[in-house]
Amino acid sequence: MISSHSFGDNGKMKDYHYTGPVEHRFSPYAFNGGTVLAVAGEDFAIVASDTRLSEGYSIHSRDSPKCYKLTDTTVIGCSGFHGDCLTLTKIIDARLKMYKHSNNKSMTSGAIAAMLSTILYGRRFFPYYVYNIIGGLDEEGKGAVYSFDPVGSYQRDTYKAGGSASAMLQPLLDNQIGFKNMEGVQHVPLTKDKAVQLVKDVFISAAERDVYTGDALRICVITKEGINEQTIALRKD
Amino acid sequence: MALFDVSGFKPYSELRGQILPAGQTHLVDRTNHYAFGTKTQEFAVPLGVDPSGFLKSCNRDGGVCIELNHGTTTLAFKFRHGVIVAVDSRASAGRYLASNDVNKVIEINPYLLGTMSGSAADCQYWERLLAKECRLYRLRNNHRISVAAASKLLSNMMLGYRGMGLSMGSMICGWDKEGPGLYYVDDNGTRLSGRMFSTGCGNSYAYGVVDSGYREDMTVEEAYELGRRGIAHATHRDAYSGGVVNMYHMQEDGWIKVCKEDVSELIHRYRKGMF
């Protein structure tokens, strides 16, 4: 969330002003940007992310999507520090395999969410700098979205945005999907096509105003038929 | 294996490790471990740094901003007909509102409830662990755990990690052989039994409201209204509390969920008496 830094104590502005001796020390974390979004519908779920990987003023890659497929019915979106995202997804994959081998079935979305919560809490004192959102179908075939904080607190939602542009996207989703702050509007349930179009519009807006979001948009649509992936171009500047 | 875990039987190697001084500690301070923590839970710790100040120190470097979900007002009080538990539903991460509909009451079992305030992850994790321990107790001893014992288990868990930066203020409410029980447990290991508690950053506002309206012989409807008012007024004045009021009533035969009401609507209803 960049907004909290422009007025905050130590943003990039300070680098160009001499304010006295500053202690420099190794930081185990870096911020690699990126935005993730997930929406749950009646019988589908959508997980979308941009594909820009940045650090400071540079762009490392324009083709680094942040959605990772876990099972046939679950996709996770991870943004924050790319190193921790990679390690975390490796650990989740290993745990999924272990579960498959000892229980002879795939983990359900709710079970993956509960497991991720304990994995993240195991690093309570040295957290994974990752904002996770899981999207998938629950046991009844309904869409489910689970959102996490870096140390494992989680809850089930209908829609959630995470990552650098989350503070810009979440109010827009509250209005369009949650019908907040609107009067006299019919609460129409969200169809899959309308949801995909909304996600595209929302990311186009995010790319306009957030420097860390852009390049391309990867959308994963999860239905009982499987996971369908599409890539749409966004602003590259 | 399941029976192995439930019976509490410890293999010889584990016991030996505990008796002899070179035993394993729970804190694994290698940061590159891939142990997965499936058999026993392990906690990674940053090397050479005080864990409680570590996260704050990382927040200064180029763009890194790790904010954990926080904040709340919760209250609970005992009266003639049981225990009322009322909580708000806001979770904030720094200045950003992460969620406005978090459930801050953990249903441990049909006779035990735990509330959450402070760091959301700490409360969720340790109270879920408490639920597991209460279930194991029931299976091993063939009777339900008492509220005093459950709160003591939680307080000992907190004492094990005292000084490491955990943040949790919880109330354990239940009904056991001694009648209705209410205990306050926090991250310092404090454990207090009492008639009324309120925790979180909005607690002073809630105390004011509940203290002025409390009577031991209230009717059930009056008690519900008091709990609702306490949370509604606290959310009105405290920036870090808000959302909806989730209210539970602990009765002799278990708890019931009373209501889930939006605080803005409650404040509109009370407005006549306020200004």
Side-chain angles (χ1 to χ4, degrees), chain A residues 1-5 8-12 14-15 22-33 54-56 80-81 87 90-91 94-95 98-99 114 117-129 131 147-155 157 160 162 164 166-167 170 174 180 212, chain B residues 27-38 40-47 49-52 54-55 57-70 89 91-104 116 119-126 128-129 161 164-166:
Chain A
M1 288 153 283
I2 305 304
S3 51
S4 51
H5 284 292
D9 31 19
N10 283 298
K12 289 181 232 356
K14 281 269 171 86
D15 289 344
V22 177
E23 186 195 348
H24 288 283
R25 47 188 298 184
F26 167 70
S27 168
Y29 299 114
F31 180 60
N32 293 120
S54 30
E55 187 170 350
F81 171 42
T87 301
K90 270 190 206 141
I91 291 181
R95 291 287 298 264
M98 287 159 70
Y99 183 95
S117 174
T118 39
I119 293 175
L120 292 171
Y121 200 82
R123 298 280 300 234
R124 167 65 176 80
F125 304 112
F126 187 5
Y128 287 117
Y129 182 20
Y131 290 92
S147 60
F148 294 77
D149 82 343
V151 279
S153 138
Y154 80 107
Q155 61 167 49
D157 291 310
K160 190 78 177 178
S164 58
S166 59
Q170 190 67 32
D174 282 334
K180 299 272 167 74
Y212 289 124
Chain B
L27 294 174
V28 180
D29 50 317
R30 296 168 279 136
T31 56
N32 59 349
H33 70 290
Y34 286 94
F36 303 119
T38 40
T40 48
Q41 178 68 326
E42 293 172 338
F43 286 99
V45 166
L47 286 174
V49 198
D50 166 33
S52 51
F54 173 68
L55 261 191
S57 64
C58 288
N59 277 355
R60 264 173 275 157
D61 308 295
V64 171
C65 178
I66 305 179
E67 300 282 4
L68 310 180
N69 290 351
H70 256 93
S89 67
S92 44
R95 291 189 335 205
Y96 178 66
L97 245 178
S99 171
N100 235 351
D101 60 9
V102 181
N103 190 4
K104 297 186 188 174
M116 304 202 308
S119 162
D122 291 338
C123 293
Q124 276 188 2
Y125 179 83
W126 292 107
R128 201 168 151 219
L129 195 60
Y161 291 89
M164 295 197 66
L166 292 182

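This is a predicted model, so every value here is computed, not measured. A, B, ... follow the sequence lines: proteins, then strands. Residue 1 opens every chain.
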> Could you tell me which portion of B:L129 (side chain, backbone, both or neither) has an atom closer than 4.5 angstrom to a non-hydrogen atom of chain A?
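When you check distances to chain A, no heavy atom of B:L129 falls under 4.5 Å.
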> Name the region of A:T118, side chain, backbone, both or neither, that has any atom closer than 4.5 Å to a heavy atom of chain B.
both
> Taking side chain as everything from C-beta outward and backbone as N, CA, C, O, which of these in A:Y154 sits under 4.5 Å from a heavy atom of chain B? Side chain, backbone, both or neither.
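Both the backbone and the side chain of A:Y154 come within 4.5 Å of chain B.
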> What closest approach, in Å, do A:S153 and B:A120 show between heavy atoms, and which atom pair accounts for it?
OG-CB, 3.4 Å
> Any idea which heavy atoms bring B:Y96 and A:Q170 closest together, and the distance?
OH-CB, 3.2 Å
> Any side-chain to backbone donor/acceptor pair from A:Q155 onto B:N103? Under 3.5 Å, distance only.
no
> Looking only at heavy atoms, which two atoms of B:A44 and A:R123 are closest? And how far apart?
CB-CD, 3.4 Å
> Quick check on the interface: out of A:D149, A:L120, A:I119, A:D174, who has the most heavy-atom pairs with chain B under 4.5 Å?
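So the answer, after comparing A:D149, A:L120, A:I119, A:D174, is A:D149.
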> Under a 4.5 Å heavy-atom cutoff, which of B:S99, B:S119, B:A91, B:G94 has the most pairs with chain A?
B:S99
> Please examine the side chains of B:F54 and A:F126, heavy atoms only from C-beta on, and report whether any two atoms are closer than 4.5 Å.
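A:F126 vs B:F54: side chains touch.
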> For the residue pair B:I66 and A:Y131, what are the closest heavy atoms and their distance?
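Scanning both residues completely, I find the closest heavy atoms to be CA-OH, 4.0 Å.
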